[in-house]
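Here the structure is laid out as structure tokens; the discussion comes afterwards.
Within every chain, numbering begins at 1; the chains are lettered A, B, ... in the order of the sequence lines, protein sequences first and strands thereafter. These numbers come from the heavy atoms of this one structure, side chains and all, not from hydrogens, waters or symmetry mates.
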Protein chains: 2
Amino acid sequence: MGVADQVGRRLRELRLERELSLSELARRSGIGKGTISELESGQRNPTLETLYALTTALGAPLSAALEPPTARARISGSAVDAVLTERFQDATAVTEVFRVRIRAGTVQESAAHPPGTEEHLVVLSGTTCVGNASAPQEVGPGGHAHWAADVPHVYRAPSGDVEALLVVRYPLTDPAHREG
Amino acid sequence: MGVADQVGRRLRELRLERELSLSELARRSGIGKGTISELESGQRNPTLETLYALTTALGAPLSAALEPPTARARISGSAVDAVLTERFQDATAVTEVFRVRIRAGTVQESAAHPPGTEEHLVVLSGTTCVGNASAPQEVGPGGHAHWAADVPHVYRAPSGDVEALLVVRYPLTDPAHREG
DNA sequence: CGAGGTCGTTCCGTATACAGAACGTTCTGT
DNA sequence: ACAGAACGTTCTGTATACGGAACGACCTCG
């Protein structure tokens, strides 16, 4: 069928991922809920402005509505979902950037990673308590935490879902690849 | 102005890159040339079907028409090259992740960004001196710096090229939806 | 049991995006 | 000079995307 079906389905996915009701999205975006209802079921041919209002209210770029999500490494635990968005490697270390969501009211304990592993967290929204299992730090929106990940550490969202960026850095110990 | 201007400009660019006349594109896409004319000058709010017909006739994916300028942003200064790799937006803030390189021996001064802007830097390799212009911090591989970016700040690589991740967070001052 | 609050869908009047015609301009070639 | 054809713009009637009202279904109260 047409492209309208795909876009409608994609918009519904984005909305449900964020656990928003159709009425709530209508309120936030300023788009009539009848419009959204018919749009999601592929019965409409939305205008650019309508798409823009919706994706903005959903906190997504316009292109998110038009393209299926790209397949990416995904790590899901009892409390944390993490999606790899970037990976950098040089002679001494690998650095991975994850987009993570910590579910409200949950705690995830992570076993020790390889020696020398470090993690940084930058919070996008919500307040979380993360870091070394024996001395976690509380961090709010825009804040940052840093801890050694070669010992047990925790992720906790005591009061509402938390969105964040997690930067994990693993040193490379293999001497065969060292630069001179 | 609106998103329609940007999309119109982008469509004109795509058409000119292919050395197609407006009339020829109208013929191939089945869209009226009056429609295309007004669309390219930002006087229209195109529907999804219209955009799809045009981008298909141009041999481009739908997203090519509406990639926001920031999605391709490459910021080059006298000492710093930055490539946007990720962008996240919610109701209260926009967060952008840049891969940056600071060239050896150089200094870049950055003017103040909008009020409330913050920056985080995680160093991948090299040692840099960054942050508030009056009190920069020295950071090595795996290290982190954080500063308010709504005042003048600097990036410096005193001893060799520096690779890093820069996280920029802009608060949205008006969470209410904008007028079209 | 009803009253009042959600939810998503279907309908309707109006604003507007559309196709196509008509227009002025700038090239050709004769 | 004149055709004839292309170009991009402006205009006009019609199809349709829009907001909002009305609807039935589903809650949780008292």
Quiz item: Under 4.0 Å between a side-chain N/O of Arg15(B) and OP1 or OP2 of dC7(D), yes or no?
Solution: no
Self-check item: Between C1' of dA17(C) and CG of Leu51(A), the distance in whole Å
Solution: 14 Å
Quiz item: Any idea which heavy atoms bring Tyr52(A) and Thr56(A) closest together, and the distance?
Solution: O-OG1, 2.7 Å
Self-check item: Separation of atom CD in Glu40(A) from atom P in dG8(C), rounded to whole Å
Solution: 8 Å
Practice problem: Identify, between Glu49(B) and Arg12(B), the residue whose nearest nucleotide on DNA chain D lies closer to the 5' end. | Solution: Arg12(B)
Quiz prompt | Interatomic distance, Leu39(A) CG vs dG8(C) C1' [rounded to whole Å] | solution = 14 Å
Practice problem: Can you tell me the distance, in whole Å, between the CD atom of Gln43(B) and the P atom of dT10(D)? | Solution: 6 Å
Quiz item: Considering all heavy atoms of both residues, which atom of Ala65(A) and which atom of Leu11(A) are nearest to each other, and what is their separation?
Solution: CB-CD2, 3.9 Å
Quiz item: Tyr52(A) OH to dC18(D) P: how many Å, rounded?
Solution: 17 Å
Exercise. Determine which nucleotide pairs with dG4(C), using a 3.5 Å limit on both distances of a Watson-Crick or G-U wobble pair.
Key: dC27(D)
Quiz item: How many Å lie between CG on Asn45(A) and P on dC18(D), as a whole number?
Solution: 8 Å
Self-check item: Residues within residues 19-27 of chain B bordering DNA chain D, heavy-atom distance below 4.0 Å
Solution: Ser21(B), Leu22(B), Ser23(B), Arg27(B)
Quiz item: What are the two closest heavy atoms between Thr127(B) and Glu138(B), and how far apart are they?
Solution: CG2-CG, 3.8 Å
What protein N or O atoms touch nucleotides 19-21 of chain C N or O atoms at under 3.5 angstrom, if any, and at what distances?
unit_1: dA19(C); atom_1: OP1; unit_2: Gly30(B); atom_2: O; d: 3.4
unit_1: dA19(C); atom_1: OP2; unit_2: Gly32(B); atom_2: N; d: 2.9
unit_1: dA19(C); atom_1: OP2; unit_2: Thr35(B); atom_2: OG1; d: 3.1
unit_1: dA19(C); atom_1: N7; unit_2: Thr35(B); atom_2: OG1; d: 3.4

Self-check item: For Glu38(B), salt bridge (charged side-chain N to carboxylate O under 4.0 Å, His left out) partners two or more places apart
Solution: Arg44(B)
Quiz item: Between Glu119(A) and Arg169(A), is there a side-chain N and carboxylate O pair less than 4.0 Å apart?
Solution: no
Quiz item: For Thr47(B) and dC18(C), is the shortest distance between a side-chain N/O and OP1 or OP2 below 4.0 Å?
Solution: yes
Quiz item: Going by atom types only, do Asp150(A) and Thr117(A) share a side-chain donor-acceptor pair under 3.5 Å?
Solution: no
Quiz item: Taking atom CG of Leu58(A) and atom CG of Leu14(A), what is their separation to the nearest 0.5 Å?
Solution: 6.0 Å
Quiz prompt | Arg99(B)/Glu86(A) under salt bridge (charged side-chain N to carboxylate O under 4.0 Å, His left out): CA gap, chis, key distance, verdict | solution = CA-CA 10 Å; Arg99(B) 174 67 190 281; Glu86(A) 287 294 327; over 6 Å; no
Exercise. Check the angle between the aromatic planes of Tyr155(A) and Trp147(A) and answer parallel, tilted or perpendicular using the 30° and 60° thresholds.
Key: perpendicular
